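Ligands are counted one by one from 1 in listed order, and the atoms in each one are counted from 1 as well. What you are looking at is a predicted structure, and each value in this text was computed from that prediction instead of being measured.
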Amino acid sequence: MSIRIGILGYGNLGRGVECAVRQNPDMELAAVFTRRNPQDVTILTESAVVCNVADAADWKDKIDVMILCGGSATDLPVQTPEYASIFNVVDSFDTHARIPEHFANVDKAAKEGGNVGIISVGWDPGMFSLNRMYANAILPDGKDYTFWGRGVSQGHSDAIRRIDGVKDGKQYTIPVDTALEAVRNGEDPELTTREKHTRECFVVLEEGADASMIESEIKNMPNYFADYDTTVHFISEEELKRDHSSIPHGGFVLRSGKTGWENENKHLIEYSLKLDSNPEFTSSVIAAYARAAYRLAKEGQTGCKTVFDIAPAYLSAKTGEELRKELL
Ligand code: NDP
């Protein structure tokens, strides 16, 4: 029998999970749940239905894993504990500083409900976290580096769009090549925020808006841009739509370390991602962890887990025997 998946929240990630389920023959999409009127939400899977979140509990015995695709800022802190008390759940919660608190809330709810909840799944947190952890375990004497981009930062794009006189905008985070090369060369540089990343903005102005004032407002915005070298390009609405409507991202996780009695030998571990679609890749990671949630629940496990707690074989559709033969 295939793993019956529910999707709760149908935005970029929700659509991405729908595509990922289609690529995994051991999974089927049972239903999509939305806070909007279900009639206003059109999905692609003909065999699945769209329901209102208010009816989600009725699906307790018809869904094996509920994938929570809401936003990290306000949706997931509430939704993940709420639904972990009813279903096995997976989320992509990415507010790093609040992960311990989120873990505790989900752990309590999942244990009370007898379910498994896997949180903060995706690429960062997610695959990047795993790679940082492996590299730290292997090279205890070393230095970590994470570079993001080139990719669209949703938070920074939103910050630009909130400025008076801005009609629309997209922001790209770009790693500084010379910094990346210095790490790769084993120079173990100490890098400031400004030395690691630059920011590039593409902005559509409202009619009559003052471009130079807006450029200065962006470049000096505390927390978002003030600590970076930022370039601002003013473009037309058509250009933004034509050249900047996709959501690419990616980045690099590196650790340089030393081994030997006198620390005489150097090593560099590098993991990199280049993603055409951030939400579709994130969703593909989530689908693999949904399989793990299903298997852990079948074993009788309960409570909250992160990517650190789950053995890799649980992610794969292949059997242990196949994995040992084909991929070991
Ligand atoms: P979206 O803004 O696209 O979707 C969030 C929610 O908004 C949806 O679940 C949906 O809920 C609601 N929504 C979507 N479209 C509409 C609409 N047209 N009208 C009204 N409401 C709508 O966010 P993303 O899917 O891009 O990202 C979700 C979260 O994933 C992010 O907050 C981010 O934190 C996290 N993320 C994590 C990553 C990682 O590596 N760990 C990587 C990328 C993202 P509903 O259907 O109920 O209305």
### Query
Considering distance alone, does some N or O of Asp94 sit under 3.5 Å from an N or O of ligand 1?
yes
### Subset of ligand 1 atoms that lie under 4.0 Å from at least one heavy atom of Trp123
39 (C), 40 (O), 42 (C)
### Steps toward salt bridge (Lys or Arg N to Asp or Glu O under 4.0 Å) verdict (Arg132, Asp124)
CA-CA 10 Å; Arg132 283 189 285 260; Asp124 198 1; 2.8 Å; yes
### Message
Under a 3.5 Å cutoff, is there a donor and acceptor pairing between the side chains of Gln171 and Tyr224?
### Response
no
### Query
Given side chains that start at C-beta, do those of Leu8 and Gln79 come closer than 4.5 Å, heavy atoms only?
yes
### Task
Check whether any N or O atom of Asn278, backbone or side chain, sits under 3.5 Å from an N or O atom of ligand 1, and answer yes or no.
no
### Query
Nearest non-hydrogen atom to atom 5 (C) of ligand 1 belongs to which of Cys69, Ala73, Gly14, Ser72?
Cys69
#### Entry: Check: Asn88 side chain, Val116 main-chain N or O, donor-acceptor pair, under 3.5 Å
yes
### Winner among Gly70, Gly11, Ser92 once heavy atoms are compared against atom 28 (C) of ligand 1
Gly70
### atom 7 (O) of ligand 1 [closest protein heavy-atom partner, distance rounded to 0.1 Å]
Arg35 NH2, 4.0 Å
### Task
Please determine, by modelled atom types, if Asp94 and Ser72 share a side-chain donor-acceptor pair under 3.5 angstrom.
yes
### Task
Give yes if a backbone or side-chain nitrogen or oxygen of Leu13 is under 3.5 Å from a nitrogen or oxygen of ligand 1, and no if not.
yes
### Summary
atom 42 (C) of ligand 1 has as its nearest protein heavy atom Thr282 OG1, 3.2 Å
### Task
Quick one: look at Val121 and ligand 1, take heavy-atom pairs under 4.0 Å, and tell me if it's side chain, backbone, both or neither.
backbone
### Message
Taking 4.0 angstrom as the limit and counting only heavy atoms of Thr34, give me the atoms of ligand 1 inside it, by number and element.
### Response
45 (P), 46 (O), 47 (O), 48 (O)
### Query
Which option, Leu8, Val32, Asn12, Asp40, owns the non-hydrogen atom nearest atom 1 (P) of ligand 1?
Asn12
### Task
Return yes if a side-chain donor-acceptor contact under 3.5 Å exists between Asn278 and Thr282, otherwise no.
yes
### Task
Flag yes if more than 12 heavy atoms outside Glu326 fall under 6.0 Å of its CD atom; otherwise flag no.
yes
#### Entry: Any protein heavy atom < 4.0 Å from atom 36 (N) of ligand 1
yes
### Query
What about Gly71: any of its N or O atoms under 3.5 Å from an N or O on ligand 1?
no
### Task
Report, in ascending order of atom number, the atoms of ligand 1 lying under 4.0 Å from any heavy atom of Pro125.
39 (C), 40 (O), 41 (N)
### Task
Cation-pi check, Lys60 to Phe87: give yes when NZ or CZ is under 6.0 Å from the six-membered ring centre and within 45° of the ring axis, no otherwise.
no
### Message
Can you check which of Gln79, Arg15, Arg36, Gln154 brings a heavy atom nearest to atom 16 (C) of ligand 1?
### Response
Arg36
### Task
Report yes or no: is the cationic atom of Arg194 (NZ for Lys, CZ for Arg) under 6.0 Å from the centre of the six-membered ring of Tyr228, at an angle within 45° of the ring normal?
no
### Residue from Phe252, Tyr145, Trp148 passing ring-ring contact (aromatic ring centres under 6.0 Å, His included) with His197
Trp148
### Query
For ligand 1, which atoms sit closer than 4.0 Å to a heavy atom of Gly122?
39 (C), 40 (O), 41 (N)
